[in-house]
Student: 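Submitted below is the structure of interest, expressed as structure tokens.
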Amino acid sequence: MILYDIVDGIGRTVEGATQSVTGVFEPTIRLGVTGLSRAGKTVFITSLIANLMNRARMGQLQAAADGGIQTAYLHPQPDDTIPRFDFETHLAALTGAEPHWPVSTRSISELRLSMRVQPTGLMGMVSGPRTVHLDIVDYPGEWLLDLGLMDKSYADWSEEALTRANVRDAGAAFVALARSTDGGVALDEPQAKRFAEAYTAYLQAIRDAGFSDYTPGRFLLPGDLAGSPVLTFAPMPAPEKARRGSLYREFERRFEAYKSKVVKPFFRDHFSRIDRQVVLVDALGAIHSGPQAVDDLRTAMADILGAFRPGANAWLSQLLFGKRVEKILFAATKADHLHHTQHGRLTAIMEALLRDARDRADFAGAKTQAMSIAALRATTEDHLQGLDVVRGRLMSTGKQAAFYPGELPADPAKIIGAARDGANGWLDAEYSVMNFAPATLNLAPGEGPPHIRLDRAAEFLIGDRLR
């Protein structure tokens, strides 16, 4: 194993050197895109690509506004073993005669957009246009949260998971099962399977309830690992004695196998190669679910920041030590569910969550930013009976309806404080969410789908590499 790691490391160093030399002539930006529970990851990628190809709505992206991007086109992706992000199918779903939300991707995928860019400033005076490749790596948020498991033992993870489950209604059945089972008994595979199924049902329930800590993530997205021993374990209290071959010891072994054979390869092969990262967050959904869901989101954001290797990407550091993420955007999606007068308040809540997560994760090195966006605007705004509302087509009936979700507080501490204190509900307000379907679009030539601040998100994430 040690010899394998040495040879593997040398091979990756050579590969990195080759990529670095190539990148001098045709720079490549690897943008990781992930989302936490219904945050709209597929819609974000589809709309971003469409709006980079047709840039009339991208006024806040400087390279689009000043004409620096001359053309943009899809190009074969560099990784032949990764599924291609199905951009054309997803765009057709959003912009067709009967628009609907595309099917969410449940595994990793990739897409390359190549842009012909004319550099500005002194460089532009002495050089012609150059090609910049944007490789978008799409992966489930559950996988990102799994990186937080790498530094935990099975005993520590079990204690944390059972403590969280114990204070949630959805966790009562699983906690009762775990507390009543003697982990010191000999392993019985049917019993282990029932344990794993009960824990998976609990994870599905808390995800549906708006929580964010549903790890291990592959329990919900097993793919070809379904039914394998590496997904057949669950948290349980440590028994007084746990001999070899006992249920507890086998669960501990499988937990370590999950980290080494599932989580670590993802980090090594994909995550560690990312330059920039966007984490999409359904903050409105968490607020609607209550203070405990917001506190869970706060903890998840801290775990995410702790998983990144921050720092500036210098050519030498790429060659010798591998890439380090330079920028991370935490974006609260579905801003179109609020009137624009409340967008600043949603952004302030995200900034407060990010600031708290940064402190908890002892994070430094990369640039981070919080923002509220809508990758595809599905509503219009109105004013009815003294209220600022949004109008849209309801998913449930297909009919147009006006909606007022409630007023977010001007002081984000009212949200963050209640979440941190473990309150059971909001003291002076209720916040609602509505499921809107995408609107029928009539796009003029050169226009991408309508959005809210997608151009500002692109400027933060990649704008500096397009000048």
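If you read the sequence from its start, that first residue is 1, and numbering goes on from there. Fair warning: this is a prediction, and the values are worked out from it, not measured in the lab.
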Student: Does any pair with a residue in residues 397-419 pass side chain to side chain donor-acceptor pair (under 3.5 Å), and if so which ones, sequence neighbours excluded?
Tutor: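 As it turns out, the side chain to side chain donor-acceptor pair (under 3.5 Å) pairs with a partner in residues 397-419, which skip direct neighbours, are R345-E407.
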
Student: Taking T333 for its side chain and A374 for its backbone only, find out whether a donor-acceptor pair lies under 3.5 Å.
Tutor: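 Between the backbone of A374 and the side chain of T333 there is no qualifying donor-acceptor contact (under 3.5 Å).
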
Student: About how many Å separate OG1 of T34 and CD1 of I108, when rounded to the nearest 0.5 Å?
Tutor: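 One gets 9.5 Å once the value is rounded to the nearest 0.5 Å.
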
Student: Could R276 and E326 be called an ion pair, given the rule that one side-chain N must be under 4.0 Å from one carboxylate O?
Tutor: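 Yes, R276 and E326 are salt-bridged.
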
Student: With side chain to side chain contact (heavy atoms under 4.5 Å, CB included) as the test, would you mind laying out the steps for E110 and I136 before giving the verdict?
Tutor: CA-CA 6 Å; E110 186 178 18; I136 296 180; over 6 Å; no

Student: Decide yes or no for I206 and Y202: does some side-chain heavy atom of the first lie under 4.5 Å from some side-chain heavy atom of the second?
Tutor: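 I206 vs Y202: side chains touch.
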
Student: State the CG-CG distance between N435 and L394, to the nearest 0.5 angstrom.
Tutor: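 Nearest 0.5 Å value for the CG-CG distance: 9.0 Å.
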
Student: Holding to salt bridge (charged side-chain N to carboxylate O under 4.0 Å, His left out), I want the full list of residues that pass it with R453, two or more places apart in sequence or in another chain.
Tutor: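 Partners of R453 under the salt bridge (charged side-chain N to carboxylate O under 4.0 Å, His left out) test: none.
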
Student: How would you list all residue pairs meeting ring pair (Phe, Tyr, Trp, His ring centres under 6.0 Å) that involve residues 27-50, not counting sequence neighbours?
Tutor: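 Pairs touching residues 27-50 that pass the test: none.
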
Student: Just wondering, do I373 and I452 contact through their side chains at under 4.5 Å, heavy atoms?
Tutor: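 No, side chains not in contact.
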
Student: Could you state the interatomic distance from CG (D336) to CD (E381), rounded to the nearest 0.5 Å?
Tutor: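 If I round to the nearest 0.5 Å, the distance is 9.5 Å.
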
Student: Is the closest side-chain heavy-atom distance between I69 and L466 below 4.5 Å?
Tutor: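 Yes - at least one pair of side-chain heavy atoms lies under 4.5 Å apart.
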
Student: For R116 and T131: C-alpha separation, side-chain torsions, deciding distance, then whether side chain to side chain donor-acceptor pair (under 3.5 Å) applies.
Tutor: CA-CA 5 Å; R116 194 70 171 163; T131 299; 2.9 Å; yes

Student: May I ask you to test the L134-T28 pair for a side-chain heavy-atom distance under 4.5 Å?
Tutor: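 Side-chain contact under 4.5 Å: no.
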
Student: Count the heavy atoms of every other residue, nucleotide or ligand shown that sit under 6.0 Å from CG of D421, and state whether that count exceeds 12.
Tutor: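 Result for CG/D421: enclosed.
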
Student: Between F436 and H337, is the ring centre distance below 6.0 Å?
Tutor: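 Ring centroids of F436 and H337 are less than 6.0 Å from each other.
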
Student: Restricting to pairs with a member in residues 74-86, which pass salt bridge (charged side-chain N to carboxylate O under 4.0 Å, His left out), not counting sequence neighbours?
Tutor: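 Matches after skipping sequence neighbours: R30-D79, D79-R273, R84-E88.
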
Student: Using the ring pair (Phe, Tyr, Trp, His ring centres under 6.0 Å) rule, pick out the option among Y214, F266, F219 that qualifies with W143.
Tutor: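 Among Y214, F266, F219, the one meeting ring pair (Phe, Tyr, Trp, His ring centres under 6.0 Å) with W143 is F266.
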
Student: Could R38 and D282 be called an ion pair, given the rule that one side-chain N must be under 4.0 Å from one carboxylate O?
Tutor: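 Result for this pair is no, no salt bridge flagged.
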
Student: Which residue pairs pass the ring pair (Phe, Tyr, Trp, His ring centres under 6.0 Å) test when at least one of the two sits in residues 77-115, sequence neighbours left out?
Tutor: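 Matches after skipping sequence neighbours: F85-H90.
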
Student: How far apart are the C-alpha atoms of D135 and R112, what are their side-chain angles, what is the distance that settles it, and do they pass the salt bridge (Lys or Arg N to Asp or Glu O under 4.0 Å) test?
Tutor: CA-CA 4 Å; D135 292 344; R112 166 168 281 191; 2.6 Å; yes

Student: Looking at NE2 of H270 and CD1 of I274, how far apart are the two atoms once the value is rounded to the nearest 0.5 Å?
Tutor: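 Reported to 0.5 Å precision, the distance equals 9.5 Å.
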
Student: Scan residues 50-60 for pairs that pass side chain to side chain donor-acceptor pair (under 3.5 Å), counting only residues two or more places apart or in two chains.
Tutor: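 For residues 50-60, and leaving out neighbouring residues, the side chain to side chain donor-acceptor pair (under 3.5 Å) pairs sorted by first residue read S47-N51, R57-E447.
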
Student: Kindly indicate whether the side chain of V294, heavy atoms from C-beta on, has any atom under 4.5 Å from the side chain of I415.
Tutor: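 In short, these two side chains touch, coming nearer than 4.5 Å.
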
Student: Does E459 have any salt bridge (charged side-chain N to carboxylate O under 4.0 Å, His left out) partners at least two apart in sequence or in another chain, and if so, which?
Tutor: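 With sequence neighbours excluded, E459 shows a salt bridge (charged side-chain N to carboxylate O under 4.0 Å, His left out) to R467, given in chain and number order.
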
Student: Would you mind listing every ring pair (Phe, Tyr, Trp, His ring centres under 6.0 Å) that reaches into residues 55-80, with sequence neighbours excluded?
Tutor: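 For residues 55-80, and leaving out neighbouring residues, the ring pair (Phe, Tyr, Trp, His ring centres under 6.0 Å) pairs sorted by first residue read H75-H133.
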
Student: If you define the side chain from C-beta out and look only at heavy atoms, does anything of T42 sit under 4.5 Å from L94?
Tutor: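 No, their side chains stay 4.5 Å or more apart.
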
Student: Could you check whether any side-chain heavy atom of E26 comes within less than 4.5 Å of a side-chain heavy atom of V132, counting everything from C-beta outward?
Tutor: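 Contact flag for E26/V132 side chains = no.
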
Student: Can you list the steps and then say if V33 with V137 is a side chain to side chain contact (heavy atoms under 4.5 Å, CB included)?
Tutor: CA-CA 6 Å; V33 180; V137 182; over 6 Å; no

Student: Donor-acceptor pair, distance only, cut-off 3.5 Å: does the side chain of T379 make one with the backbone of V390?
Tutor: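 No, because the side chain of T379 does not come within donor-acceptor range (under 3.5 Å) of the backbone of V390.
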
Student: If the condition is salt bridge (charged side-chain N to carboxylate O under 4.0 Å, His left out), which residues does D213 pass it with, not counting sequence neighbours?
Tutor: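 With neighbours one apart ignored, the set is R164, R168.
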
Student: I'd like to know if R420 and D295 make a salt bridge, using a cut-off of under 4.0 Å between side-chain N and carboxylate O.
Tutor: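 No.
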
Student: Could you state the interatomic distance from CZ (F330) to CZ (R358), rounded to the nearest 0.5 Å?
Tutor: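 Separation between the atoms: 9.0 Å.
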
Student: Measure the acute angle between the ring planes of H340 and H343, then classify it against the limits of 30° and 60° as parallel, tilted or perpendicular.
Tutor: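 If you compare the ring of H340 with that of H343, the planes turn out perpendicular.
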
Student: Is there a side chain to side chain contact (heavy atoms under 4.5 Å, CB included) between L384 and L387 once you walk through the steps?
Tutor: CA-CA 5 Å; L384 295 175; L387 297 176; 5.7 Å; no

Student: With sequence neighbours excluded, what pairs up with D66 under the side-chain hydrogen bond (donor to acceptor under 3.5 Å, both in side chains) test?
Tutor: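 By the side-chain hydrogen bond (donor to acceptor under 3.5 Å, both in side chains) rule, D66 matches no residue at all.
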
Student: Using a strict 4.0 Å threshold on nitrogen-to-oxygen distance, state whether D464 and K327 make a salt bridge.
Tutor: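 Salt bridge: yes.
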
Student: With sequence neighbours left out, which residue pairs that include part of residues 441-467 fulfil the ring pair (Phe, Tyr, Trp, His ring centres under 6.0 Å) condition?
Tutor: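 Found none.
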
Student: Check the side chains of S109 and D138 for a donor-acceptor pair under 3.5 angstrom, ignoring hydrogens and angles.
Tutor: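 There is such a pair between these side chains.
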
Student: Which pair of heavy atoms, one from A161 and one from Y199, lies closest together, and at what distance?
Tutor: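 Result for this residue pair: CB-OH, 4.0 Å.
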
Student: CE/M301 to CG/L145 distance, rounded to the nearest 0.5 angstrom?
Tutor: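 Rounded to the nearest 0.5 Å, the CE-CG separation comes to 11.5 Å.
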
Student: Would R298 and D356 count as a salt bridge (Lys or Arg N to Asp or Glu O under 4.0 Å) here? Give the steps.
Tutor: CA-CA 7 Å; R298 180 176 69 97; D356 192 58; 2.6 Å; yes

Student: Quick check: do I304 and L147 have side-chain heavy atoms less than 4.5 Å from each other?
Tutor: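 Side chain of I304 against side chain of L147, heavy atoms only: no contact under 4.5 Å found.
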
Student: My understanding is that only residues two or more places apart in sequence, or in another chain, count here; which of them pass salt bridge (charged side-chain N to carboxylate O under 4.0 Å, His left out) with K152?
Tutor: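 Salt bridge (charged side-chain N to carboxylate O under 4.0 Å, His left out) list for K152, sorted by chain: E160.
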
Student: After noting the C-alpha distance and the side-chain angles of T299 and D296, does the key distance pass the side chain to side chain donor-acceptor pair (under 3.5 Å) rule?
Tutor: CA-CA 5 Å; T299 302; D296 196 57; 5.6 Å; no

